[in-house]
Amino acid sequence: MKLVVVGGVAGGASAAARVRRLDEKAQIVVFERGADVSYSNCSLPYYLGGLVDSSDKLVLMTPQQFKNEHNIDVRTESEVLSIHRDRKTVSVKNLRTGETYEESYDKLVLSPGASPIMPKSIKGIDRPNVFSVRNVEDIVKISRFLNGEAVRNVVVVGGGFIGVEVAENLKKDGKAVTIVEGLSQILAPFDTDMVQILQKELYDNGVGLRLGSTLTAIEDGCAVCSKDGETFEVPADAVIMSIGVSPETKLATEAGLSTGVTRGIRVNAHMQTDDPDIYAVGDAVETVNALTGQPGRLALAGPAQWQARAAANHICGMDSSYKGFIGSSCIRVFGLNAASTGLNEKTASAAGLSFDYVNVYPYDRVKIMPEASPLAFKLVYSVPDGKILGAQAIGKGDATKRVDVIAALISQGCTIYDLIEVEHCYAPLFSTAKDVVHMAALTAENLLAGRFRQVHVSDVRALAESGACIIDVRESWEYELSHIKGAKNIPLSELREHLDEIPRDVPVYVHCRSSQRSYYACCCLQGQGFDNVVNLSGSFLGLCLHEYFEDKTTGREPIVTGYNFN
C-alpha cells in the first residue's frame, strides 16, 4: 500500500506516523509546501516574547528524522498542484528546482491547513511592515523586523487566541501594543461576563483594546480604523494580521471533491471525502459539533490529531471514526489562565437549546494557603434535564484542570448530577474539598429543583439604575470598602434581627462576595416566609470584574463605589 500525504504539521504528519505504526511495509510519502514539516505552530507567538529562545526549538521533527525513525519519505518545499483521481496520481512541483512530476498513490490524505485571512480591500495590506502568523518562517520574519530600532508601536488586528498571545508577548518584549477587534469582545469562546476579566487583564498590563473597530487602511506610521462610522488612527510601525483563517480547499475542489456549508472539505466519520480513497484532516475539513449536530470547522491541533488517527486507522482496515468536536481551548493572558469547553451562551442560544448557567467565584484552593486566589467559573447546562453543555474558567490558578473535567463529562453525555458525584483529588494546596466544579453543579441542581432563584451579573446594572431593592449581606467593613450604589447592608450574621427592614411586596436581590453567604441568606429568608428573594449569581466579585473594563474604557457612570477584586 502506498500512502501519499499532502501537508505536514499536526494532521498530515500524525496520519503518516500512525499508518507507519500500523503497517511497517507501507510506502509513505509526505509533501509539504513549506520549509518545515513538523513544528509547534501553537508555540509561535512565544518566540516573539523570548519564552522560546530559538526558532530551531519550534521545529519538532526534520525530514531526516522522519526517514531515520519512521522510514517516511518527507519532501519539503514541494507543492502538490493537482490530483488526478482517474489515474490516482498527484502533480508535484519542487519549489527549489522548479521541476514538476507525478507521484502515484493508493490512498491519499489531504492536510493542507488554512491560510491567514489578508483582505485585499484593506489599503496597504501588502506593505512590508504587515505580517501574518502561520509558520516558523513567518514568526522569524516578524521577529527580525520588530527588532529594528525604529519599531515601537505594533497593532495586532484580531483578538482571537493567536492575536492575544502575540499581543502579550510583544508587550513583554517592550513594544507598545494595541489590539483592534471587529467584534465587541476578544476571544469568542468566552461569554461577555467572563471575557471582561481577560480584557481587564490586558488593560491593566498596558495593552490597548479597540473593540468594535475595523481596520480600513495601513499608512506610514499608523493603522486607520473605523468604529460606528467614525475614523481614527492608531500608531503602527508594524501590523500583524490575525483575523482568522480560510480553509485551503482549492486542491480538493479542483479535483471534484465537495465542500460543506462552512467551506471546509466535506468528510464522513472516517474522514473520507467523496472519493473513498482520499481522506482529509485538520483545519481544512468540515466535521460536526458533537453537542449540536451542526456542521463546523475547528482550527485546533487536538481535533486534527484525532482526525488523523481516525483516518489512518481506517486506511489500515480498522473500524475507526471521529465523533466530532466539542471545542476545548485554553490561553494564558499575563497573570491569568483561562479555559473553555463546549457551548457558551451565544452558541447554545444559536443552536436553539433551552439552557441556563451559573457563575461561581470561589477560591481555587483553601483560602489560608499561599497563592490562593478567586477562580471565576461558569457552567452552562440544559433545562430541564441538566445535561452539561459547556464551561469557562478564569483565574490565577489551574483553570484548565477544571475545564478538562467538564470536557470529559461532556464527551460522555453527563449531567450536573453526574458532576456532583465526581470524586476529585483534594489537598489544601491544590483545591478545596468541595471544588469549584462541584459548587457550580450544586448551584445548578438547586436552581433546577426550584430551591432558589438567581439573577445574572449582566442584569445588575439595570436593576441598580432602576432603584431595585438590593441587600448586601457582607460584613459592614466589606461594604464600606466597596458596594453597589443604593444597596442596603444587612450582614448575614445580623439578618434575623432585621427581617422587618426587608420588603415583602417587591423583588429583593441579595448578594455577598461570592454568592455563598447570599445563598444562605436566601434560604433563611425563604424559611421566614419571603417568596420574593433572588440571589445574585457570581455576586459582588463577579459584578466588579464584569463592570470594571467598560467603566474604565467608556467613561460611563459606575454602579459600584470603587472596585474590590479580592
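Since this is a predicted model, take the numbers as computed values, not measurements.
Of the inter-residue distances, the one linking Leu343 atom CG with Gln392 atom CD reads 10.5 Å to the nearest 0.5 angstrom. A distance of 5.5 Å separates CG in Leu202 from CG in Leu209, rounded to the nearest 0.5 Å. For the atom pair Lys200 NZ and Tyr548 OH, the distance stands at 5.0 Å (nearest 0.5 Å). Leu51 contributes atom CG, which lies 9.5 Å from atom CD of Glu168 (distance to the nearest 0.5 angstrom). Rounding to the nearest 0.5 Å places CG of Asp435 at 11.0 Å from OH of Tyr426. Atom CG of Leu187 sits about 8.5 Å away from atom CD of Glu181, to the nearest 0.5 Å.
Using a distance-only test at 3.5 Å, with no hydrogens or angles considered, a donor-acceptor pair links the side chain of Gln307 to the main chain of Gly282. In this structure, Thr432 contributes its side chain and Lys434 its backbone to a donor-acceptor pair below 3.5 Å. Using modelled atom types, no side-chain atom of Ser518 and backbone atom of Asp472 make a donor-acceptor pair closer than 3.5 Å. At least one donor-acceptor pair under 3.5 Å links the side chain of Tyr479 to the backbone N or O of Ala487. In this structure, the side chain of His483 does not engage the main chain of Phe540 through any donor-acceptor pair within 3.5 Å. Looking only at distances, a side-chain donor or acceptor of Ser354 sits under 3.5 Å from a matching main-chain atom of Val383. Side-chain N or O atoms of Asp173 include none that pairs as donor or acceptor with a backbone N or O of Lys175 at under 3.5 Å. Of the possible donor and acceptor atoms, one in the side chain of Asp237 sits under 3.5 Å from a partner among the backbone N and O of Arg152. Proximity of a side-chain donor or acceptor of Asn344 to a complementary backbone N or O of Ala188 within less than 3.5 Å is detected. Side-chain N or O atoms of Ser515 include none that pairs as donor or acceptor with a backbone N or O of Val360 at under 3.5 Å.
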With side chain to side chain contact (heavy atoms under 4.5 Å, CB included) as the test, would you mind laying out the steps for Tyr322 and Val281 before giving the verdict?
CA-CA 10 Å; Tyr322 176 68; Val281 301; over 6 Å; no
Carefully, step by step, assess Met194 and Asn359 under the rule side chain to side chain contact (heavy atoms under 4.5 Å, CB included).
CA-CA 9 Å; Met194 296 292 284; Asn359 295 79; 3.9 Å; yes
With side-chain hydrogen bond (donor to acceptor under 3.5 Å, both in side chains) as the test, would you mind laying out the steps for Ser340 and Ser329 before giving the verdict?
CA-CA 6 Å; Ser340 68; Ser329 55; 3.3 Å; yes
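A salt bridge is absent between Glu137 and Lys141; no separation between the charged side-chain nitrogens and carboxylate oxygens falls under 4.0 Å. In summary, Arg127 and Asp220 engage in a salt bridge, as defined by a charged side-chain N under 4.0 Å from a carboxylate O.
More than 12 heavy atoms of other residues, nucleotides or ligands lie within 6.0 Å of CZ in Phe355, so this atom counts as buried by the packing criterion. For Lys396, the NZ atom counts as loosely surrounded, since its 6.0 Å shell holds 12 or fewer non-hydrogen atoms of other residues, nucleotides or ligands. Counted within 6.0 Å of NZ on Lys552, heavy atoms from surrounding residues, nucleotides or ligands total 12 or fewer; the atom is thus considered open.
Relative to the ring axis of Phe377, Arg402 does not place its NZ or CZ within 45° and under 6.0 Å from the centre.
The side-chain contact (heavy atoms from CB on, under 4.5 Å) with Tyr381 is formed by just one residue from the set Leu447, Leu419, Thr415; it is Leu447.
In this structure, the side chains of Asn41 and Asn135 stay at 4.5 Å or more apart for every pair of heavy atoms.
Side chains of Asp36 and Ser38: no donor on one and acceptor on the other come within 3.5 Å. Side-chain polar atoms of Thr443 and Asn446 form no donor-acceptor pair below 3.5 angstrom.
When all heavy atoms are compared, the tightest approach of Pro428 to Met369 is O-CG, 3.2 Å.
Taking the side-chain hydrogen bond (donor to acceptor under 3.5 Å, both in side chains) definition, one finds that Asp551 meets it with Arg461, Arg556, Tyr563, sequence neighbours left out.
The aromatic rings of His456 and Tyr357 lie parallel to each other, their planes meeting at an angle below 30°, with 60° marking the opposite boundary.
Among residue pairs with one or both ends in residues 371-381, those qualifying as salt bridge (Lys or Arg N to Asp or Glu O under 4.0 Å) are Asp191-Lys378, Asp193-Lys378, Glu345-Lys378; sequence neighbours excluded.
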